[in-house]
Student: 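Sharing a structure below in structure tokens format, with a few things to ask.
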Amino acid sequence: MRRSLAHLGLVAAAVVALDRWAKHWATAELALRPPVRLIGDYVRLNYARNSGVAFGIGHGTGFPYYVFSLVAIAVILWMFVSGRVGPGGGRRFALGLLLGSAVGNLVDRVASGEVVDFIEVGVPQWHWPIFNVADAAITVGILLLLLGWWRAPASSAPPVVSPDEPPRTAGS
């Protein structure tokens, strides 16, 4: 279990560090400036502050969205401590991404009541809502968990043998 918790902590710390650095950079370099085009209108850096949750839902309502981060952190830690994560580094990695994301956005919410968003992608007529590194890690973490859920674990049960089939012996 220590190894699992260390793995969780390492992935989460990496997400938090990258997220904090990116938000600091975005605040210093992008605030009060027009969007910066990286790939035409398809990928832009566009500074925004969001007091809501994903996609700006609930923006300006004053709801304490940091509660969601605290619940996510508690659930992920409980899953690890109680042994409910199961085998496989993929699940641990996915939950590490989710934990780091929750902590990264929690730091912003506690400090200012908002999160810093700055990545915008889309086509000229339609753009995905602006997001940040923690939001990207949440998306990847959820996708990895879903993929892991749908993958059937390898069965350790012996193969089913038909009663009409004669038993096999070595060399046959």
Side-chain angles (χ1 to χ4, degrees), residues 4-81 85 89-149:
S4 293
L5 283 172
H7 184 256
L8 175 75
L10 183 64
V11 172
V15 170
V16 171
L18 181 59
D19 182 61
R20 298 302 308 146
W21 175 84
K23 288 173 179 175
H24 175 77
W25 175 85
T27 300
E29 298 297 324
L30 300 173
L32 304 175
R33 294 185 182 168
V36 175
R37 291 180 174 171
L38 295 180
I39 304 174
D41 280 335
Y42 301 104
V43 179
R44 301 186 318 172
L45 300 177
N46 189 1
Y47 183 84
R49 296 189 67 84
N50 178 9
S51 64
V53 290
F55 317 124
I57 296 170
H59 178 73
T61 63
F63 184 83
Y65 289 110
Y66 64 86
V67 171
F68 294 136
S69 294
L70 292 172
V71 169
I73 292 166
V75 168
I76 291 168
L77 292 175
W78 172 79
M79 288 176 70
F80 269 82
V81 171
V85 173
R91 290 182 197 147
R92 289 191 294 254
F93 183 75
L95 289 171
L97 290 174
L98 295 174
L99 179 62
S101 302
V103 171
N105 281 335
L106 176 63
V107 169
D108 274 5
R109 291 190 191 287
V110 169
S112 69
E114 302 174 311
V115 296
V116 172
D117 291 332
F118 60 94
I119 304 167
E120 183 179 9
V121 297
V123 294
Q125 298 81 13
W126 181 83
H127 279 258
W128 193 257
I130 301 171
F131 60 96
N132 59 44
V133 171
D135 297 337
I138 289 170
T139 302
V140 172
I142 289 172
L143 289 174
L144 287 174
L145 281 179
L146 290 175
L147 288 173
W149 241 314

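Keep in mind that the numbers below use all heavy atoms, side chains included, and drop hydrogens, waters and symmetry copies.
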Student: Sequence neighbours excluded, which residues qualify as side-chain contact (heavy atoms from CB on, under 4.5 Å) partners of Arg37?
Tutor: Asp41, Arg44
Student: Run Glu120 and Ile130 through side chain to side chain contact (heavy atoms under 4.5 Å, CB included) and show every step you take.
Tutor: CA-CA 5 Å; Glu120 183 179 9; Ile130 301 171; 4.0 Å; yes
Student: Hey, are Asn132 and Asn50 close enough side-chain-wise for a donor-acceptor pair under 3.5 Å?
Tutor: no
Student: Angle class for the Phe118/Trp25 ring planes (parallel below 30°, perpendicular above 60°, tilted otherwise)?
Tutor: perpendicular
Student: Evaluate Arg109 against Ser51 for side-chain hydrogen bond (donor to acceptor under 3.5 Å, both in side chains), listing each step before the verdict.
Tutor: CA-CA 8 Å; Arg109 291 190 191 287; Ser51 64; over 6 Å; no
Student: To the closest 0.5 Å, what do you measure between CZ (Arg49) and OG1 (Thr27)?
Tutor: 6.0 Å
Student: How many angstroms lie between atom OH of Tyr42 and atom NE2 of His127, to the nearest 0.5 angstrom?
Tutor: 9.0 Å
Student: With side chain to side chain contact (heavy atoms under 4.5 Å, CB included) as the test, would you mind laying out the steps for Tyr47 and Glu29 before giving the verdict?
Tutor: CA-CA 9 Å; Tyr47 183 84; Glu29 298 297 324; over 6 Å; no
Student: Is it true that Lys23 and Asp117 have a side-chain N and a carboxylate O under 4.0 angstrom from each other?
Tutor: no
Student: Please report the interatomic distance CE(Met79) to CZ(Arg91), rounded to the nearest 0.5 Å.
Tutor: 9.0 Å
Student: Could you check whether any side-chain heavy atom of Ile119 comes within less than 4.5 Å of a side-chain heavy atom of Asn46, counting everything from C-beta outward?
Tutor: no
Student: For residues 96-104, dump all side-chain donor-acceptor pairs below 3.5 Å to protein atoms at least two apart in sequence or in another chain.
Tutor:
from	atom 1	to	atom 2	distance (Å)
Ser101	OG	Leu97	O	2.7
Ser101	OG	Ala134	O	2.9
Ser101	OG	Ile138	N	3.3

Student: So how far is it from Leu5 CG to Leu10 CG, rounded to the nearest 0.5 Å?
Tutor: 12.5 Å
Student: Give me the atom names and distance for the closest heavy-atom approach of Val116 to Asp108.
Tutor: N-OD2, 3.1 Å
Student: May I ask you to test the Arg20-Val107 pair for a side-chain heavy-atom distance under 4.5 Å?
Tutor: yes
Student: If we ignore hydrogens and angles and just use 3.5 Å, is the side chain of Thr139 paired with the main-chain N or O of Asp135 as donor and acceptor?
Tutor: yes
